[in-house]
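Here the structure comes first, spelled out in C-alpha cells, and everything after it is commentary.
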Amino acid sequence: MSETKIPYKIYLTENEIPTAWYNLRADMKVKPAPLLNPGTGKPLTAEEMSGIFCEELVRQELDNDTAYYPIPEDIRNFYKMYRPSPLVRAYCLEEKLGTPAKIYYKFEGNNTSGSHKLNSAVAQAYYAKQQGLKGVTTETGAGQWGTALSMACSYFELDCKVFMVKVSYEQKPFRREVMRTYGASVTPSPSMETEIGKKILAEHPGTTGSLGCAISEAVEVAVTNPGYRYVLGSVLNQVLLHQSVIGLEAKAALDKYGIKPDVIIGCAGGGSNLGGLIAPFMGEKLRGEADYQIIAVEPASCPSFTRGKFAYDFCDTGMICPLAKMYTLGSSFIPSPNHAGGLRFHGMSTILSQLYHDGYMEARAAEQTAVFEAAETFARVEGILPAPESSHAIRAAIDEALKCKETGEEKTILFGLTGTGYFDLTAYQQFNDGVMTDYIPTDEDLAKGFAALPQVPGVE
Ligand SMILES: *Cc1c(COP(=O)(O)O)cnc(C)c1O
C-alpha cells in the first residue's frame, strides 16, 4: 500500500550519466583468452595491433586489469545529446501478458542511428581524432553500426569509409542514404575495390556477402592507406567497455527505487549490448556480491553460443584478422539468405564466451517468426517499433514472464531494447504477409564451418 509506484520511465539526470566506463575483465578470475597473431600463434602485441586500430583503443583492448576508465569530457558531452537513455517499466506489456512478473527495458533506440552502437562509435571516433588520423574504415551489416559511425565521424570531422554487406545494401537503401547524409562513403561488399573482395567474388560469384567478408575489406583498406585505421562496432573488448554505459545507467536507475532484477536478458550478435547491459551486474556476480540469471538470446539460424564451438577462430572470412577464442560457427559460416533478423556474425565476444564457458550466463536460440511475433506483441502495447535484433530479447522476456504467470512468481525481468526497426520494414513486410520462414542450419551445415576452423600453432 505504501509502496511507491514505479514510474513508467525512470529517468536519470544529465549529471548522472556515468563518468567512467566499467571494464568487466578486471573482475574476471579467468580472463578472456588473448587475441593471437595467426602467423605465429603468439598473443598479438600492442605494436602489431596499432597498424590496424587506434593506439588508445589498443590499450583498452589489451587491458584486463583497470576496472574503471574515465569517460573523456568530449565523449560525455556527446552522450548528453541522447543520454541518459530511458529505463521503462513495461506496465502495458505486463498487463497484456497477465503476468505477475515486473518487466523493465533499457531503451537505446533514442538517437538517429537507432541503436546502442552510437555509444561506442563516438568513443572510437574521438580516439581516432585524438591520434590525428584522417579517417576510419569499417563494415556494417544491417547498417546500424555504419550509421552510428558516420554520425560520430561527422561530429569529429573524420573521413568514414563503410563496407556494407551487399544483401543489406540492396535491402536497405535508406540506411545507406542516412550514412551518406552524414558524409560517409558506402560500398557494397564484397566489392572490386579490394584484393580480398576480388578474391571472394572470384570464389563465390553472386554471393550476397557477410559481415566477415566486409570486415576483411575494411581492414585491407585501413592498413593500406596512411592515416586510416579500422574500427569495429561489436565483439571487441573495447566495444564492451564503451557499452558498459548501458548497464551502469540501468543499474543507477534501478537502484533509485531499490529494485534488483532477477533475470537480465539481451540479444547477442557479437555481444556488445549484452556485455554492456550486464557489465555492472555481472561484476557483482563475479565478486560474489549478488546473483542474477543472465540470458543471451541469439537467432536459431546463427547459433554461435548454443551450437558453436569454443575455439580460436578468425573474425573475418578473408582470414586476415587476428584469431579470437570464442564461441564460433567458423569464419566461413554465412547465415541462410532467408534470415532477416540481424545478429548474423559467426562468432561472439571473447569476454562473453569465457563467461558462458565458465557457467556465469546461459544462452538460448530463437526462430525468427517467433521473434517477430514477440516484436508485434511488444509494438502493439508498448508503442515502440523494435529492431528485429532487439526482438530476440523481447521474445525471451515474454517467455520468462509467461513462465511467471504459470508459477505465480513475481520475478523482476530486465532486458535490453537495443534499437528501433524503422529500417527493417522489409522483414516486417515478410512477417505481415505470412511469408517469413525459419531456417535452422543442420548439423551438416555447421560441420562445414567447424571443419574450416584454423589450426593454431601451439594451441589445441
Ligand atoms: C548491432 C545490433 C545488435 C547486435 O550487436 P551486439 O554487438 O550483439 O549488441 C543488437 N541490436 C541492435 C539494434 C543492433 O543494431
Side-chain angles (χ1 to χ4, degrees), residues 85 105-121 124 138-151 162 164-165 168 172 175 178-179 211 214-215 231-247 264-279 294-299 302-305 315 324 326-327 335 339-353 356 361 363 365-366 368 371 375 378 384-396 415-424 427:
S85 74
Y105 58 91
K106 179 74 170 159
F107 179 47
E108 290 292 322
N110 259 343
N111 68 77
T112 296
S113 78
S115 85
H116 66 287
K117 292 201 173 66
L118 193 55
N119 301 331
S120 184
Q124 298 195 42
T138 199
E139 78 298 328
T140 198
Q144 289 95 320
W145 168 244
T147 311
L149 189 68
S150 60
M151 288 173 72
V162 181
M164 186 170 187
V165 178
S168 306
K172 302 190 175 185
R175 269 272 174 220
V178 181
M179 287 185 257
L211 268 185
I215 293 174
V231 293
L232 180 61
S234 181
V235 187
L236 295 175
N237 299 338
Q238 57 190 267
V239 184
L240 269 73
L241 175 71
H242 307 145
Q243 295 297 356
S244 68
V245 70
I246 304 172
I264 306 172
I265 300 169
C267 62
S272 75
N273 86 82
L274 177 65
L277 176 69
I278 67 174
I294 294 171
I295 307 172
V297 193
E298 60 186 12
C302 191
S304 350
F305 266 138
C315 294
M326 56 188 176
Y327 279 86
H339 172 71
L343 311 175
R344 31 170 56 237
F345 186 59
H346 65 273
M348 188 55 65
S349 142
T350 59
I351 297 176
L352 295 187
S353 293
Y356 177 65
M361 51 186 275
Q368 67 179 358
V371 165
F378 181 86
I384 296 169
L385 181 75
E389 292 90 342
S390 322
S391 305
H392 288 73
I394 299 176
R395 176 74 270 163
F415 75 89
L417 187 69
T418 50
T420 48
Y422 305 127
F423 290 105
D424 300 288

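Counting starts at 1 for both ligands and their atoms, in listed order.
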Dump the pairs for me: ligand 1 N or O, protein N or O, distance under 3.5 Å, to 0.1 Å.
unit_1, atom_1, unit_2, atom_2, d
ligand 1, 7 (O), Ser234, OG, 2.4
ligand 1, 7 (O), Ser272, N, 2.9
ligand 1, 7 (O), Ser272, OG, 2.7
ligand 1, 8 (O), Gly269, N, 2.7
ligand 1, 8 (O), Gly270, N, 3.0
ligand 1, 8 (O), Gly271, N, 2.9
ligand 1, 9 (O), His116, NE2, 3.1
ligand 1, 9 (O), Ser272, OG, 3.2
ligand 1, 9 (O), Asn273, N, 2.8
ligand 1, 9 (O), Asn273, ND2, 2.7
ligand 1, 11 (N), Thr418, OG1, 2.7
ligand 1, 15 (O), Lys117, NZ, 2.5
ligand 1, 15 (O), Gln144, NE2, 3.3

Fill in: Closest non-hydrogen atom pair between Pro335 and Cys302, with its separation
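The answer is CG-SG, 4.3 Å.
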Discussion item. In terms of relative ring orientation, are Phe305 and Tyr327 parallel, tilted or perpendicular, with 30° and 60° separating the classes?
Written reply: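 Correct class here is tilted.
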Worksheet item: So among Ser304, Pro299, Pro388, which one has a side-chain contact (heavy atoms from CB on, under 4.5 Å) with Leu343?
Response: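 The passing option is Pro299.
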Discussion item. Does anything in residues 384-395 form a salt bridge (Lys or Arg N to Asp or Glu O under 4.0 Å)? List the pairs, not counting sequence neighbours.
Written reply: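 For residues 384-395, and leaving out neighbouring residues, the salt bridge (Lys or Arg N to Asp or Glu O under 4.0 Å) pairs sorted by first residue read Arg395-Asp399.
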Worksheet entry | Partners meeting side-chain hydrogen bond (donor to acceptor under 3.5 Å, both in side chains) with Thr350 (sequence neighbours left out) |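 Once residues adjacent in sequence are excluded, the partners of Thr350 under the side-chain hydrogen bond (donor to acceptor under 3.5 Å, both in side chains) criterion are Asn237.
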Fill in: Contacts of type side-chain contact (heavy atoms from CB on, under 4.5 Å), residue Phe107, not counting sequence neighbours
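Scan of Phe107 (side-chain contact (heavy atoms from CB on, under 4.5 Å), adjacent residues dropped) gives Pro86, Tyr105, Asn110, Ile384, Leu417, Thr420.
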